[in-house]
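What you see is a predicted model; the values in this text were computed from it and never measured.
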Amino acid sequence: MTDSTKPYTSGTETAEADLLNWDFIQDPYLTYQEMRAGTGPRRLVIKTLSTGLRSWLVTEYSDVRRLLADPRLSKAAGGAAPIIAKHSTEEVSGASITSDSMLFSDPPQHSRLRRMFSRVFTMRRTLNLRPRIEELTDELLDSIPAGTEIDLVESVAMAIPIAVIGELLGVPRAAHHDLRRWNRALTSVDSEPSEKYQAYMASLDHFRTLVAQKASSHDGADDLINAMIDPDNEERFEESELLSTIFLMMNAGYETTANLISSSVYALLKHPEQLELLRGDATLIPNAVEEFLRYESPLNLSTLRYTTEPVEVGDTVIPAGEVVFLALSSANRDPDRFAEPDRLDIRRNAATHLAFGHGIHHCVGAPLARLEGEIVLARLLDRFPQWEAAEPLERLTWRYTLQFRGLERLPVRLHA
């Protein structure tokens, strides 16, 4: 832990904390452990994008879970801008990105958006995707020669989720490369704000054009975009709500699932005894996926929230009008909830992890992410039972982002 992250104090005193310094990005767990040793949340200046943001960071499992469902912590995009401006350590310049999706809204708007989306993105639709996900995975693995070095992040972990979510939404495969490129700009902290904004607008322009094409052509495809714009729907999305929902599913759903797949393989390579256990009993795969989600959460921090009323956390009262981040990775390694939390155990009951959040904003795509993780791991183990890291694992690095947690690359050799 660097000097810039000390001291961790509760109450109103503010400490400098660069949660984007290299050491933290590579291993946040020591920092979180030291934070949890105190009492209450930490008042920190968190570096985010192009500015520092005076924020409260909550790290304990019980507090994180409770606050994820606390209506006094708002996510409404409309009220966030003045709060961010108030607590930024420097003037925020440039165009801001707003969203009308359910992720950045409160009831009753959130309730309406989630209700409409849940009517088309049903559990049945997700489960019906299994044969197609298996087919896409088999096609991709067929192209990998046994024993050849590949980057599993690029060749498998990113390739399969983008194909699945693209087909689910009805996005032509020719556009998947652009969507991945735009997503990279949006999630990397070394991208300039203007670059992020351009990527965001390019994504929205692409989706706006795609929606218009589907609305005019009536192609009849059984995809989510067609389902959402069906004129027979009792409730209809406004254009901004529709585009924001598509953007959310395309980008957030793809990124988190890619991180789940790559970090699962990485964790098994680091723990060969767990890999051997899983190889010998494929029925453990669903439970193992829950442990991977807990052990290396695809999301490090929740998205930004702000208090609309004073909120008590431990012995501290967070005033109204404050920025709050909830540390999902910290909560999932809290020893008060999970025994020996830094130990990977694919037989552990990790079902109460917070990798997908909790409360009304619990990830709507969680069942799909789980399904993809289970299928990819099962197919990898069946096709290539022997895995070998092509480089020392300690040399590999994690992507330079604030919220998403995923590897930059994972060179492996897969043996039949």
Look at the side chain of H110 and the backbone N and O of I360, then say whether any donor-acceptor pair between them is shorter than 3.5 Å. yes
Per side chain to side chain contact (heavy atoms under 4.5 Å, CB included), R379 is matched among L381, I375, L377 by I375
Is the charged tip of R42 near the ring of W56: under 6.0 Å from the six-membered ring centre and within 45° of its axis? no
Looking only at the aromatic ring of each residue, does the gap between the centers of Y200 and F247 stay below 6.0 angstrom? yes
Mind checking whether L242 and V211 have side chains closer than 4.5 Å, heavy atoms only? yes
Quick one: CG on L278 to CD on E291, what's the gap to the nearest 0.5 Å? 11.5 Å
If I take atom OH from residue Y254 and atom NE2 from residue H176, how far apart are they, to the nearest 0.5 angstrom? 11.0 Å
Would you say the side chain of T397 lies within less than 4.5 Å of the side chain of W22, judging by non-hydrogen atoms? yes
Got H271 and E273 here, is their nearest side-chain heavy-atom distance under 4.5 Å? yes
Heavy-atom closest pair, residues L371 and T126: CD2-O, 3.4 Å
Is a side-chain N or O of S143 found less than 3.5 angstrom from the main chain of L140, in a donor-acceptor match? yes
Residue that, paired with V156, satisfies side chain to side chain contact (heavy atoms under 4.5 Å, CB included) out of I144, L410, L414: I144
Start with the C-alpha distance between R36 and D336, add both sets of side-chain angles, then the distance that settles salt bridge (Lys or Arg N to Asp or Glu O under 4.0 Å), and finish with yes or no. CA-CA 10 Å; R36 290 194 307 266; D336 288 342; over 6 Å; no
T303 and K75 side chains, donor-acceptor separation under 3.5 Å: yes
Contact check, side chains of L380 and P385, non-hydrogen atoms, under 4.5 Å: no
Once you round to the nearest 0.5 Å, how far does CG of L44 lie from CG of L53? 10.5 Å
Tell me yes or no: between the side chains of S74 and R305, is some donor less than 3.5 Å from an acceptor? no
Go through the steps for E149 and V412 under the test side chain to side chain contact (heavy atoms under 4.5 Å, CB included), then give the verdict. CA-CA 5 Å; E149 180 179 333; V412 298; over 6 Å; no
Could you tell me whether the side chain of V324 reaches within less than 4.5 Å of the side chain of V58, counting heavy atoms only? yes
Testing L68, N300, L301 for side chain to side chain contact (heavy atoms under 4.5 Å, CB included) with L328, which one passes? L68
I'd like to know if R343 and D345 make a salt bridge, using a cut-off of under 4.0 Å between side-chain N and carboxylate O. yes
Looking only at side chains, do D100 and S240 share a donor and an acceptor under 3.5 Å apart? yes
R208 with E239: basic N within carboxylate O range, under 4.0 Å: yes
Looking only at atom types and distance, does a side-chain atom of Y306 sit under 3.5 Å from a main-chain N or O of I84, one as donor and one as acceptor? no
In plain terms, say whether E296 and R405 are close enough for a salt bridge, that is, a side-chain N and a carboxylate O under 4.0 Å apart. yes
Side-chain donor or acceptor of Q109 paired with backbone N/O of M102 under 3.5 Å: no
Between D219 (side chain only) and K214 (backbone N and O only), is there a donor and an acceptor less than 3.5 Å apart? no
Has S101 got a side-chain atom pairing as donor or acceptor with S244's backbone, closer than 3.5 angstrom? no
After noting the C-alpha distance and the side-chain angles of E255 and R180, does the key distance pass the salt bridge (Lys or Arg N to Asp or Glu O under 4.0 Å) rule? CA-CA 9 Å; E255 180 81 20; R180 287 177 62 172; over 6 Å; no
Between the CG atom in N259 and the OG atom in S297, the distance rounded to the nearest 0.5 Å is 10.5 Å
To the nearest 0.5 Å, what is the distance between CG on L299 and CG on L354? 11.5 Å
Backbone of R66 reached by a side-chain donor or acceptor of D70 within 3.5 Å: no
Any chance you could measure F292, atom CZ, to L260, atom CG, to the nearest 0.5 Å? 8.5 Å
Between F237 and F117 the two heavy atoms that sit nearest each other are CZ-N, 3.9 Å
Please report the closest heavy-atom contact between F325 and S302, naming both atoms and the distance. CD2-O, 3.6 Å
Donor-acceptor pair, distance only, cut-off 3.5 Å: does the side chain of N233 make one with the backbone of D230? yes
So L113 and E241, do their side chains get closer than 4.5 Å, heavy atoms only? yes
Taking side-chain hydrogen bond (donor to acceptor under 3.5 Å, both in side chains) as the criterion, tell me which of R294, R337, E290 meets it with H353. E290
Verdict with supporting geometry, D205 and F207, side chain to side chain contact (heavy atoms under 4.5 Å, CB included): CA-CA 5 Å; D205 286 345; F207 293 137; over 6 Å; no
Check whether any side-chain heavy atom of L57 sits under 4.5 Å from a side-chain heavy atom of M35, and report yes or no. yes
Any cation-pi pair here, R333 with F338, using under 6.0 Å and within 45°? no
Could you tell me whether E312 and R72 have a side-chain N and a carboxylate O separated by less than 4.0 Å? yes
Is a side-chain N or O of D106 found less than 3.5 angstrom from the main chain of P71, in a donor-acceptor match? no
Taking S111 for its side chain and P107 for its backbone only, find out whether a donor-acceptor pair lies under 3.5 Å. no
What one should report as the nearest heavy-atom pair of L168 and R125 is CD1-CD, 3.9 Å
Counting the benzene-type ring for Trp, do Y32 and F24 have ring centres under 6.0 Å apart? yes
Let me see the working for R399 and L407 under side chain to side chain contact (heavy atoms under 4.5 Å, CB included), right down to the final yes or no. CA-CA 5 Å; R399 279 192 62 199; L407 289 161; over 6 Å; no
Give the C-alpha distance, both sets of side-chain angles, the deciding distance and a yes or no for side chain to side chain contact (heavy atoms under 4.5 Å, CB included) between L30 and Q33. CA-CA 5 Å; L30 176 60; Q33 181 181 352; 4.2 Å; yes
Would you mind checking if E408 and R184 are paired as a salt bridge, meaning a charged N to carboxylate O distance below 4.0 Å? yes
Does E322 come within less than 4.0 Å of R54, counting only side-chain N to carboxylate O? no
Flag the pair R173 and E167 as a salt bridge only when some basic side-chain nitrogen lies within less than 4.0 angstrom of an acidic carboxylate oxygen. yes
Is any side-chain heavy atom of I83 closer than 4.5 Å to a side-chain heavy atom of L304? no
